[in-house]
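Predicted model, so just to flag it, every value in this text is computed and none were measured.
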Amino acid sequence: MDRLEQQELDSTTLRSATQHLKACPLCNALNASANRECFVCRWSGHFDHSEETIEAGLFALFSTCPDLWDLVSASLPEARPPMRKASLLERWAARFFRKRLDLLC
């Protein structure tokens with residue numbers, strides 16, 4: 001449990017979870033956004049889509065089953081460093097000149 005408290009969801013992961021999950025207002029279970037009704041209590045009304053509720057639901061789920069956090073965190077892509085302006089320019093130049101060469105052939 002201590003390792004879970006030290007872990008935090010980054011904003012990209014939380015945004016993705018918010019897009020794909022919703023919380024049932026009756027039983028607080030997390031459901032897939034595509035589900036029309038709660039898989040636990042069969043609620044089919046309005047669901048909570050707020051980041052705070054979904055984050056609280058995720059932490060409750062990971063607190064109940066810490067091994068699940070290990071599986072989820074292992075499958076998350078690692079954050080890539082932002083591209084340098086020079087590499088963006090190099091990619092643009094490579095595309096530009098490649099197209100010009102393709103037209104000449």
Next on the checklist: Within this structure, what is the CG-CD distance for the pair Leu58 and Glu51, rounded to the nearest 0.5 Å?
Outcome noted: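 Leu58 CG to Glu51 CD: 11.0 Å, rounded to 0.5 Å.
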
Checklist entry - When rounded to the nearest 0.5 angstrom, what distance separates CZ in Phe39 from CG in Leu30? => result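 If we round to the nearest 0.5 Å, Phe39:CZ and Leu30:CG are 8.0 Å apart.
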
Next on the checklist: Under the rule for side-chain hydrogen bond (donor to acceptor under 3.5 Å, both in side chains), what residues qualify as partners of Ser50, not counting sequence neighbours?
Outcome noted: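 Testing Ser50 for side-chain hydrogen bond (donor to acceptor under 3.5 Å, both in side chains), a comparison that skips the adjacent residues, returns Asp48, Thr53.
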
Next on the checklist: Quick check: closest heavy atoms across Leu21 and His49, and the distance to 0.1 Å?
Outcome noted: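 It is O-ND1, 4.2 Å.
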
Next on the checklist: With a 4.5 Å cut-off on side-chain heavy atoms, are Trp43 and Pro25 touching?
Outcome noted: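 Yes, their side chains come closer than 4.5 Å.
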
Checklist entry - Just by modelled atom types, is the Cys38 backbone N or O under 3.5 Å from a matching donor or acceptor in the Ser44 side chain? => result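 Side chain of Ser44 to backbone of Cys38: no pair is present.
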
Item to check | Residue pairs involving residues 25-40 (criterion salt bridge (charged side-chain N to carboxylate O under 4.0 Å, His left out); sequence neighbours excluded) | outcome: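 The answer is Glu37-Arg42.
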
Checklist entry - Got a sec, which pairs hit salt bridge (charged side-chain N to carboxylate O under 4.0 Å, His left out) with one end in residues 17-29, sequence neighbours left out? => result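 Every candidate salt bridge (charged side-chain N to carboxylate O under 4.0 Å, His left out) pair involving residues 17-29 fails, so no pair, neighbours aside, qualifies.
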
Item to check | Any residue meeting side-chain contact (heavy atoms from CB on, under 4.5 Å) with Leu61, in chain and number order, not counting sequence neighbours | outcome: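 Partners of Leu61 by the side-chain contact (heavy atoms from CB on, under 4.5 Å) criterion, ordered by chain and then number, come out as Leu68.
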
Checklist entry - What residues form a side-chain contact (heavy atoms from CB on, under 4.5 Å) with Asn35, not counting sequence neighbours? => result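 side-chain contact (heavy atoms from CB on, under 4.5 Å) list for Asn35, sorted by chain: Asn31, Ala32.
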
